[in-house]
Every structure is written in C-alpha cells, then in structure tokens.
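Take a look at the structure below.
Fair warning: this is a prediction, and the values are worked out from it, not measured in the lab. Reminder, nothing fancy here: chain letters follow the sequence lines and each chain counts from 1.
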Protein chains: 2
Amino acid sequence: MTTVNAMNLAEVGSLVGDVARAQMLTALLDGRALTAGELAWCARITPQTASGHLAKLQAAGLLAMEKQGRHHYFRLASRTVANMLESMQVVCAVDAPRRIRPESRIDKEMRLARSCYDHLAGVLGVSLADALARQGAVDLSADGGMVTDKGRALLAGFGIDVDALDARKRCFCRPCLDWSERRHHIAGSLGKGLADHLFDLGWITRVKDSRVIRVTPTGQRGLEKTFAIDHPA
Amino acid sequence: MTTVNAMNLAEVGSLVGDVARAQMLTALLDGRALTAGELAWCARITPQTASGHLAKLQAAGLLAMEKQGRHHYFRLASRTVANMLESMQVVCAVDAPRRIRPESRIDKEMRLARSCYDHLAGVLGVSLADALARQGAVDLSADGGMVTDKGRALLAGFGIDVDALDARKRCFCRPCLDWSERRHHIAGSLGKGLADHLFDLGWITRVKDSRVIRVTPTGQRGLEKTFAIDHPA
DNA sequence: GGCACGTTTCGGCCGCCGCCGAAGCGTGAA
DNA sequence: TTCACGCTTCGGCGGCGGCCGAAACGTGCC
C-alpha cells in the first residue's frame, strides 16, 4: 500500500541483492572496517567497480566511511544494519532447506565458530548458550532472554561484570537465531561481553581476513573446565 | 569470504529488491493471506507479471501458498521472514534520515497505528509499550524485555492470561524497533496477545486492504482509563 | 455443456545496471 | 619535484530480468 515504504524496502533489498555487494557486506559483518581495495578483493571485482558499489552503499546509509591517508575504510553504519543482514542470513539458511551446499573447508570452520558482528556464533556460540542455560544462568526463549540472579554470580566469578554491561535493565541478553545451527545463541550486550572476555583471556582468536574464530588450546581446557563444553578442533 | 553465503544473501536481497515484489511483501506484512490478484493490484502490475513474481518468492521459501477453489492465497512463509522484512524497514527508515517524504493520508494513518505481522506498531504501539513500562509492568531495553510480577497481575486483571502465552519462559516480550517512531514497541508473544485482546474487546479494528488500524470510540475511552493513553483520532 | 473468472505459461521487447579499460585526482614517500 | 599507490570518475559494452499481450489451464457457476 504505502508505496513510499515499499520503494525504500526495495531500495535496500536491491542494494543487498547484488552478489558483489552482498560479499562486501558479509565481509564487514564482523564489525571491523576494511579498505576499498580489500573489499574489492573479497568480492573478486576490480577496484573501480567496487568503488561504485561502496559509494552506493554509503549514500544509502548502510556503510560508514573514514579516510585515513590514501586509504578509505568502510564499516557497517550501525548495529541496525548488522541486525538486518543477520536476519536475512537466517532466512537464507532456513528457506533453502537442502540446497546443494559445497562443504568447503572455510565453510566448515565458519560453522564451527565465527563472530557475528560483536558476539559469537556457530557451534561454539550455541554451545555457550546451551551451557549457560543448563546451569540456570540464563533463561532463553524465542522472544527474549534474561540473566538470572544465579547467572549474575556465576558470570561475576568468571570475570564478567554483568552490572557494568547494563546498569539498569535486567534484560540484556538477546537471543539471535544462528543460521548454521538453526538454534539460538546469545547476542546483546551479554553476548558482546562474553566474546570480549574470551578474547581477553586468549581462549579464542580471530583468523585473518575472515569471521572464522579458532579456540586456542588454553581455550579448549578453559571451556571444558568452566562450561563443560567439548569444542572440536 | 564464504561465497555460498553471500550468494544466498544476494538472492534474498534481490527478491526483496524489486519494487513490485517489495510492495506485495509489504502488503502481506500484517500476516494475512491475499490472493494473487489482490497482490497484483497492490503492486499495480498485471496478473501474469505478479504470477511470475509470486512463483519466485514461493520457490525461495519466502511465501507459502494455499489453493482454495480457483483462488491462490499467498502469505509470508514464516515469522522469520516477517522479522527480516521488519528489520529491513527499520534500516530504510533510519538511514534515509530526511528523504523527501510525501506525507500522504494513508502514511499518516500508518504512522498513527498499524499491525506489524501479529502485534501493534506506530504511535499506538509505542504508547502501549511506554504505558506498560511506566506502570512497571514490563522492563524493556534494546536487547530484550520481560514482564514483572506486578505486570503479570496487572495484565491478568486486564484479561490477558500471561501464563497461557508462554508456560515456561519468563521472557516472552520482545522489543521491536518501530520504523516510524524510531523507538521500541512490544512484539513477541505478549505483543500478539495484547493485540489479539484489543481486537476481541473491540477497541481497535483493521482498515480493509491495509495494515492501518483504527481505535474505536470504546477503545479511546478504554485506553485512556486503563493505560492513561490519549490516542489522537 | 457452456461460460466466466482467476491464474499460469510462453514469447519477445526494452531498459536498467554491473562490469571493465582508460584516465584523473589526492596522498604519502623518496 | 617526482613517482608510486589507492581510490574515484567516465564511457561504452553486454546481459539479466521485469514487463505485457496472447493464449492455455483449471475451477466454479448456471
């Protein structure tokens, strides 16, 4: 009905609807900023083509740009954009139930553990959510999640200051549907706090130029001991 | 990186990225099922063109179809799809901060009150969320929302059986960013329960062939008395 | 059976948009 | 100043995809 909205919707859709642009957006989905050249490489296109795409994405407000010398750094403009892309990926995964899915090595690692803007996803993300739920630390459902009093104590003991994450509200634990596992993992400020803490502890590390995350040997032991998670290498 | 994902993402994007298809999806966003002909009319295209679009959307799993005599009824395939479209609309509204926005009458009414798949949005939706938060019935934040014990009692008194909405979990109150108000309203099972109850009471009614919702005179008085909401006519 | 109607299939036209080569601009290093 | 490098702009080519007219299919009504 409201043609103006449908037009805007179509506009955003068609921006994401190009393979090259979708590849660039996917590459930016871990929240870091990349240069125009890096993004061109990600999308396997020439710099001049990428430049055009990036200009469009920026004009539409999906990307933010920052100049640093002769490099132009692009990142997702907001968490809102990241949420949108995540929700689109969920639909991709859910509706194409059994498409031909070439199980490349990088895909396999992505399924195992990856960053999802500012929190963890994949088998690792879901395992963590399960472990916290099993211990009665969080209460997850499709509509929302909350940290229990027991959970506050437990997380504090682990080194995460729950109160600092969100001083006022009791609900800062958003469930986020995992496109590979098709189950919920923990997003929101707790998700971010959890991921940050695991990075700080050296339990997990990023793989260069990718959203893939690897669990270190220390992390393996830590996850086993703290959360009873047996993460496959 | 993972080319397979980016391709799927682009696929979904380009499906939404066509103006005609976007209009049809927007029309279906209130959760009802419409016939192919009605959808063609919504998108201002001929039936044969619409048929092609609908076939694509169905093949991709965005729409579900049900035959009834010679009519083919289409609806959004899942809540997941509705969530995706909502999150895309939020991005539309947020990024184009001050686009030329022709304030048509229908747009004005949409901003005032509309259905959002299965719950309420617009000024009305946000007012309700505000009122419930002000009374300490719910606890909303960007990451999640929960109903307090006080809220359970209050809603029960109003005629909504909170326990029946979700027997186990305490969090069934999802915040949903309103694209017109740019603030949160209440979604999730509580959002649906609330909307359903207001329809049952006859406080609100749907406007034919649109997502617009009107508050009845009875509703005006009821909202004023129960929630201290002064909804403009 | 005959007709009306809603929907789909087919075929061909047309326009938009992504792509790259070449060239131009701004920045940093020598 | 000169060069190298990253990024952008311009111009032209090519293909994908949306659009409609015509016609076929299936269903319900008379």
Quick one: B:Q48 CD to C:dG12 P, roughly how many Å, whole number?
16 Å
5' priority, DNA chain C, between A:A20 and A:G69 [closest heavy atom]:
A:A20
Among A:H185, A:R174, A:K192, side-chain hydrogen bond (donor to acceptor under 3.5 Å, both in side chains) partner for A:H119
A:H185
Judged by nearest nucleotide, the residue sitting upstream toward the 5' end of DNA chain D, A:P47 or B:T46, is A:P47
Distance in angstrom units between B:I45 CD1 and C:dG6 C1', rounded
15 Å
By the 4.0 Å heavy-atom rule, please label A:K67 as base, sugar-phosphate, or nothing.
nothing
Find the distance A:R44:CZ to C:dC20:P and express it as a whole number of Å.
13 Å
Does any donor atom in the side chain of A:S180 or A:R114 lie under 3.5 Å from an acceptor atom in the other side chain?
yes
How many whole angstroms separate atom CE of A:M65 from atom C1' of D:dC7?
9 Å
Take atom NE2 of B:H72 and atom P of C:dC5, then tell me their distance rounded to the nearest Å.
17 Å
Assess whether one donor atom and one acceptor atom, taken from the side chain of A:R70 and the base of D:dC7, lie less than 3.5 Å apart.
no
Selection from C:dC19, D:dC19, D:dC7 that lies nearest to any side-chain heavy atom of A:D18:
C:dC19
Of the listed nucleotides (D:dC19, D:dG26, D:dG6), which one gets closest to any side-chain atom of A:H71?
D:dG6
Specify the separation, in whole Å, of atom NZ of B:K56 and atom C1' of C:dT9.
14 Å
Applying the side chain to side chain contact (heavy atoms under 4.5 Å, CB included) test to A:T216, which of A:L198, A:T205, A:L201 qualifies?
A:T205
Measure from CZ on B:R21 to C1' on D:dC19 and round the result to the nearest Å.
12 Å
Given 3.5 Å as the limit, does a donor-acceptor pair link the side chain of B:R21 with the main chain of B:H53, or not?
no
side-chain N/O A:T49 vs C:dC19 OP1/OP2, d < 4.0 Å:
no
Parallel, tilted or perpendicular: which fits the ring planes of B:W203 and B:F158, with parallel below 30° and perpendicular above 60°?
tilted
Closer than 4.0 Å, any side-chain N/O of A:H53 to the OP1 or OP2 of C:dC17?
no
Find the distance B:Y73:OH to D:dT27:P and express it as a whole number of Å.
16 Å
